[in-house]
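Below is one structure; the comments refer to it alone.
The structure presented is a predicted model; accordingly, all values stated were derived computationally and were not measured. By convention in this document, chain letters (A, B, ...) are assigned in the order of the sequence lines, proteins followed by strands, and residues within each chain are numbered from 1.
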Amino acid sequence: MAEYITLVSSLPYLPPFEKAERSPITRLRLEQRLHSLEADDAKQLAIAEALVSWRLSLAKPKTDKEMVLRCRVALQTITQPALREFIEFRMDQQTILAGLRQRQAGFATPELERASGASRWAGFIASHWDDPDFKLAAVYPWIPKARSYLEANDARSLDSLLMNIIWQRLSLIAESNRFGFEAVFAFVFKWDILQAWLARDAAKATGRFQELIKEVKNGN
Amino acid sequence: MEPLILVLGWVGLYCPLALAAIGSSVGCMRAGSAACGALLEVEGGYGRFIGVAALPSSITIYGIVVTMSLRRELTLENSPGVFSLGVLTGLALLYCGIAQGDAIVASINASKSKAEVFGISMAPAALIEGFAVFAFVFALVLAAGIPK
């Protein structure tokens with residue numbers, strides 16, 4: 001298993017995403033640093049990023065079916081145990097969230113069956129559809145909170161909750177091998193969350209929106 | 001049996017230096033890798049990172065001195081003592097070198113984003129140096145008791 005002491009040491013400290021004011025490293029610079037990954041590790045990271053990164057990307061699957069298919073293919077290619085585990089963790093989280101959203105939207109039965117290849121919980125959710133937390137609250141204590149945020153249409157708090165769960169998971173993964181591939185991919189996904197959070201800053205978005213309106217007005 | 005005992009004596013004689021050199025190399029390699037990575041991230045103070053990366057090299061010096069102190073005409077009487085003392089001192093120095101390298105890697109990673117912790121973050125590496133000194137000093141003391 002490769003050690004990436006130089007690479008990990010060249011990466012900046014990532015502050016907790018909710019406290020960050022700006023990203024400590026640009027994507028361009030991060031990619032330059034990631035050039036020192038071994039070819040196979042770099043390939044696996046790219047596949048995982050296209051599948052479970054937080055930020056919207058053109059490379060991400062557009063439908064459940066496509067997602068399941070891509071996930072199956074990805075898990076055949078990805079051999080790093082920690083990365084596989086992280087993908088499965090993300091797929092579980094997304095499946096549960098999809099179930100919560102579908103029930104909120106008034107679905108009589110979940111349409112997660114076809115996604116059963118992506119998460120082990122799809123069938124379980126279907127069989128416990130009437131339970132508010134799909135009887136999964138003991139395994140995933142965040143479900144009741146996520147459900148309450150969904151019901152309150154509080155997207156920001158929901159994002160914050162889910163991002164925090166992933167962030168903590170990534171911190172544990174990085175600690176398991178502080179100078180290995182685990183630390184590198186944990187950094188990349190944490191950076192992704194941080195970028196996504198900064199991009200969703202309501203105040204900045206309002207400011208930017210007003211700037212755009214001004215530009216349009218001045219242009220006219 | 002007698003040649004084997006003499007061979008073990010020679011092994012013990014060179015062990016402190018050989019194992020300490022391996023430990024220092026691994027320690028310096030790991031600490032140096034971290035220092036090089038940190039150079040990409042920080043804006044200044046490069047010298048201190050490279051400087052501390054060289055710290056595990058001191059372990060080899062202890063190995064040289066212990067090997068010199070064990071140097072004598074090897075006989076059936078003194079070879080077991082030389083072997084035991086040499087191998088155990090060598091192993092201690094080997095591990096100290098590697099562990100010190102790891103402690104320095106952690107120190108560099110902590111201080112690259114928080115420069116003010118540089119000194120305190122070196123404490124674990126300094127402690128490990130202390131353990132290496134214990135192994136070194138007591139090897140010298142005990143070596144004096146091995147028959148010439």
TODO: Report, as yes or no, whether the 6.0 Å neighbourhood of atom CG on Leu172(A) holds more than 12 heavy atoms from other residues, nucleotides or ligands.
DONE: yes

Open item on the list: Heavy-atom count check: over 12 atoms from other residues, nucleotides or ligands less than 6.0 Å from Tyr14(B) OH?
Closed with: no

Open item on the list: For Arg48(B), is the CZ atom crowded, meaning more than 12 foreign heavy atoms sit under 6.0 Å from it?
Closed with: yes

Task: Over 12 foreign heavy atoms within 6.0 Å of CZ, Arg71(B) - done: no

Open item on the list: Under the side-chain contact (heavy atoms from CB on, under 4.5 Å) test against Ser9(A), which residue among Asn109(B), Leu39(B), Leu40(B) passes?
Closed with: Asn109(B)

- [ ] Counting only heavy atoms closer than 4.5 Å, note whether Arg33(A) contacts chain B via side chain, backbone, both or neither.
- [x] side chain

Open item on the list: Can you tell me how far apart NZ (Lys114(B)) and OH (Tyr13(A)) are? Round to the nearest 0.5 Å.
Closed with: 8.5 Å

Open item on the list: Need one label for Leu11(A): side chain, backbone, both or neither, based on atoms under 4.5 Å from any heavy atom in chain B.
Closed with: backbone

- [ ] Just give me the residue among Ala34(B), Cys36(B), Ser113(B) that pairs up with chain A most often, heavy atom to heavy atom, under 4.5 Å.
- [x] Ala34(B)

TODO: Compare every heavy atom of Lys112(B) with every heavy atom of Val8(A), then report the nearest pair and how far apart it is.
DONE: O-NZ, 3.4 Å

Open item on the list: Are more than 12 heavy atoms, taken from residues, nucleotides or ligands other than Tyr140(A), located less than 6.0 Å from that residue's OH atom?
Closed with: yes

Task: CD/Glu211(A): more than 12 non-hydrogen atoms of other groups inside 6.0 Å - done: yes

- [ ] Identify the heavy atoms of Glu41(B) and Ser10(A) that sit nearest to each other, and give their distance.
- [x] OE1-O, 3.4 Å

Task: Under 4.5 Å from any heavy atom of chain A - which part of Ser33(B) - done: both

